[in-house]
Amino acid sequence: MFSRGVNVENPANCRAQFVTTLVSGQLQARDFKRETSVNCVAEQNRSKAIIFKFPSPKLTLHHNRSPKRIVRMSQTSQNPVKQQLKIIVPNKHGEKLVGLLHDTGSGEIVILCHGFRSSKETKSIANIAVALENEGISSFRFDFAGNGESEGTFQYGHYRREADDLHAVVQHFSGENRVPSAILGHSKGGDVVLLYASKYHDIPTVVNVSGRYDLKRGIKERFGEDFMETIKKEGFFDVQDKRGSYRVTEESLMDRLSTDMLEACLQIDKDCRVLTVHGSADEVIAINDALEFAKIIPNHKLHIVEGANHNYSSHQAELASVVVDFIKTSLQQDKQPTS
């Protein structure tokens with residue numbers, strides 16, 4: 001486990017900016033941004049269409065204070081790098097949820113959930129997927145409806161609806177004889193996985209990364225002091241941020257305000273193992289929220305990452321290490337015979 005800040009390359013960028021040529025049935029690619037070569041297997045189906053399956057990148061971690069020191073997460077010979085497969089899962093509203101499967105061939109699978117106005121390509125989510133893959137554990141990271149590549153319209157709030165999206169994903173893999181053994185969510189996704197555990201009771205391991213305990217907090221900081229007066233008068237207001245614009249309706253705001261994480265957490269099974277990870281320097285959600293989760297969830301472990309901000313910008317290695325260790329231990333416990 002790393003005790004100081006580190007940076008992790010975003011594996012989502014490993015396929016950016018390359019020129020390709022098809023030679024002897026293989027697509028060879030040169031990534032001029034990194035000056036490295038990537039091989040992609042080209043397969044033809046019966047209709048002669050070409051399907052490209054990109055191998056997952058190795059996760060390389062660079063220590064901030066010592067540029068010469070490079071730490072590579074080990075990749076076992078029994079579990080070579082597998083391909084990322086795009087999978088589409090319909091939710092109960094008929095919307096197509098798009099995700100990427102990191103398939104190591106393991107029977108178990110970990111489902112990874114992004115946060116507010118984010119996507120499956122979030123650096124933390126993508127890096128955790130690769131870290132799990134390097135340990136031989138399959139994972140699936142997907143976009144909630146209205147986010148990323150998935151269908152639907154983005155909605156503020158809708159925590160329970162996103163928990164239902166997650167349920168559609170769990171059901172899909174269960175139907176494919178893959179066992180969803182753990183769910184992980186970052187920020188809003190952290191609340192979603194806890195809500196899921198409180199409702200469905202079919203996942204033994206839950207990881208909450210920087211989720212918010214009190215959903216009444218953080219609203220005026222984002223929308224201003226007069227947000228409630230505006231929405232009562234107009235029925236909505238529009239918000240502009242660095243990702244673009246979105247609309248907050250009175251219904252979606254009330255959905256968030258009516259979501260009670262205390263009540264939900266009290267419904268989580270005592271046998272369900274829950275890990276909460278939170279940065280001590282989180283500028284979006286205060287560390288006190290993590291302490292509140294620790295008080296009320298019965299089978300709970302808390303890990304504070306010293307100096308980490310909300311996105312773990314300089315602490316990706318410690319985040320991945322803590323999460324993978326917890327999930328590996330939980331999987332081993334699940335395999336032990338019950339007395």
Side-chain angles (χ1 to χ4, degrees), residues 7 10 12-13 16-17 91 93 95-100 112-127 141-166 185-193 195 208-261 278-279 281-289 308-316:
N7 289 326
N10 183 353
N13 291 332
Q17 301 183 11
N91 66 10
H93 304 284
E95 297 161 329
K96 295 177 180 177
L97 307 176
V98 180
L100 289 174
L112 307 175
C113 304
H114 64 78
F116 177 73
R117 280 177 61 73
S118 191
S119 78
K120 62 184 178 299
E121 304 300 339
T122 301
K123 182 166 69 171
S124 296
I125 296 297
N127 284 339
R141 50 189 171 103
F142 75 101
D143 297 323
F144 288 114
N147 293 268
E149 295 183 278
S150 292
E151 292 182 344
T153 302
F154 172 80
Q155 297 285 347
Y156 182 79
H158 281 216
Y159 288 77
R160 299 178 188 87
R161 178 165 172 156
E162 291 191 355
D164 289 339
D165 281 355
L166 175 55
H186 172 249
S187 193
K188 183 184 180 184
D191 291 299
V192 170
V193 296
L195 288 168
N208 159 38
V209 180
S210 303
R212 187 183 292 279
Y213 174 75
D214 186 351
L215 293 176
K216 295 181 177 63
R217 295 177 187 165
I219 299 177
K220 66 179 181 181
E221 288 82 0
R222 188 185 295 271
F223 301 140
E225 295 283 348
D226 59 347
F227 73 92
M228 187 60 76
E229 178 183 347
T230 301
I231 209 162
K232 288 293 185 183
K233 179 180 178 181
E234 304 292 341
F236 69 90
F237 55 80
D238 294 321
V239 181
Q240 183 75 33
D241 62 14
K242 62 182 180 181
R243 297 186 182 96
S245 62
Y246 62 96
R247 175 161 292 186
V248 178
T249 64
E250 184 174 3
E251 178 188 5
S252 64
L253 179 61
M254 292 304 107
D255 177 88
R256 170 167 171 160
L257 293 174
S258 66
T259 302
D260 188 337
M261 294 307 298
H278 212 99
D282 192 321
E283 75 286 9
V284 177
I285 299 174
I287 193 174
N288 288 340
D289 286 54
N309 63 10
H310 189 64
N311 290 320
Y312 298 84
S313 303
S314 298
H315 295 79
Q316 289 284 300

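The structure displayed is predicted, hence computed values, not measured ones.
For the pair D191/E162, no side-chain contact is recorded, criterion being any heavy-atom separation below 4.5 Å from C-beta on. Contact annotation: the side chain of R160 approaches that of D255 to within less than 4.5 Å [non-hydrogen atoms, C-beta and beyond]. Using a 4.5 Å heavy-atom cutoff, the side chains of L195 and T259 are in contact. Here the side chains of F223 and I231 are not in contact, with every heavy-atom distance at 4.5 Å or above. Contact of the V192 side chain with the D165 side chain is not registered, since no non-hydrogen atoms from C-beta on lie closer than 4.5 Å. Looking at E121 and R141, their side chains come closer than 4.5 Å, going by heavy atoms from C-beta outward. The shortest distance between side-chain heavy atoms of V209 and S124 does not fall below 4.5 Å. Taking the side chain as every heavy atom from C-beta outward, I285 and H278 approach each other to under 4.5 Å.
Rounding to the nearest 0.5 angstrom, the gap separating the CG atom in N147 from the CZ atom in R117 is 8.5 Å. Between atom CD of residue E251 and atom CD of residue Q155 there is a gap of 7.5 Å, rounded to the nearest 0.5 Å. Here CG of L100 is found 7.0 Å from CD of E149. Values are rounded to the nearest 0.5 Å.
For E229, the CD atom counts as loosely surrounded, since its 6.0 Å shell holds 12 or fewer non-hydrogen atoms of other residues, nucleotides or ligands.
With sequence neighbours excluded, no residue forms a ring-ring contact (aromatic ring centres under 6.0 Å, His included) with Y159. Under the rule for a ring-ring contact (aromatic ring centres under 6.0 Å, His included), the partners of F144 that lie at least two apart in sequence or sit in another chain are H114, F142.
Contact record, G148 with S119: CA-CB, 4.1 Å, taken as the closest heavy-atom pair. Nearest approach of G279 to S210, heavy atoms of both residues: N-OG, 4.4 Å. The minimum heavy-atom distance between V98 and S150, with the atom names listed, is N-OG, 2.9 Å. In this structure, S245 and Q240 approach most closely via the heavy-atom pair CB-OE1, 3.3 Å.
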Begin with the C-alpha distance, continue with both residues' side-chain angles, and end with the deciding distance and a verdict on side chain to side chain contact (heavy atoms under 4.5 Å, CB included) for L257 and K216.
CA-CA 6 Å; L257 293 174; K216 295 181 177 63; 4.0 Å; yes
Dump the intermediate steps for side chain to side chain contact (heavy atoms under 4.5 Å, CB included) on L166 and C113, then the final yes or no.
CA-CA 8 Å; L166 175 55; C113 304; 3.9 Å; yes
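Stacking of R256 on the aromatic ring of Y156 is not recorded, the 6.0 Å distance cut-off and the 45° axial limit not both being met.
With hydrogens and angles ignored, the 3.5 Å screen pairs no side-chain donor or acceptor of N309 with any backbone N or O of A281. With hydrogens and angles ignored, the 3.5 Å screen pairs no side-chain donor or acceptor of S252 with any backbone N or O of V248. Formation of a donor-acceptor pair under 3.5 Å by the E95 side chain with backbone atoms of E151 is not found in this model. Of the possible polar contacts, one joining the K188 side chain to the G157 backbone as a donor-acceptor pair under 3.5 Å is found.
Using a cutoff of 4.0 Å between basic side-chain nitrogens and carboxylate oxygens, R217 and D289 are scored as salt-bridged.
When the options V193, N311, L112 are evaluated for a side-chain contact (heavy atoms from CB on, under 4.5 Å) with H186, the one that passes is N311.
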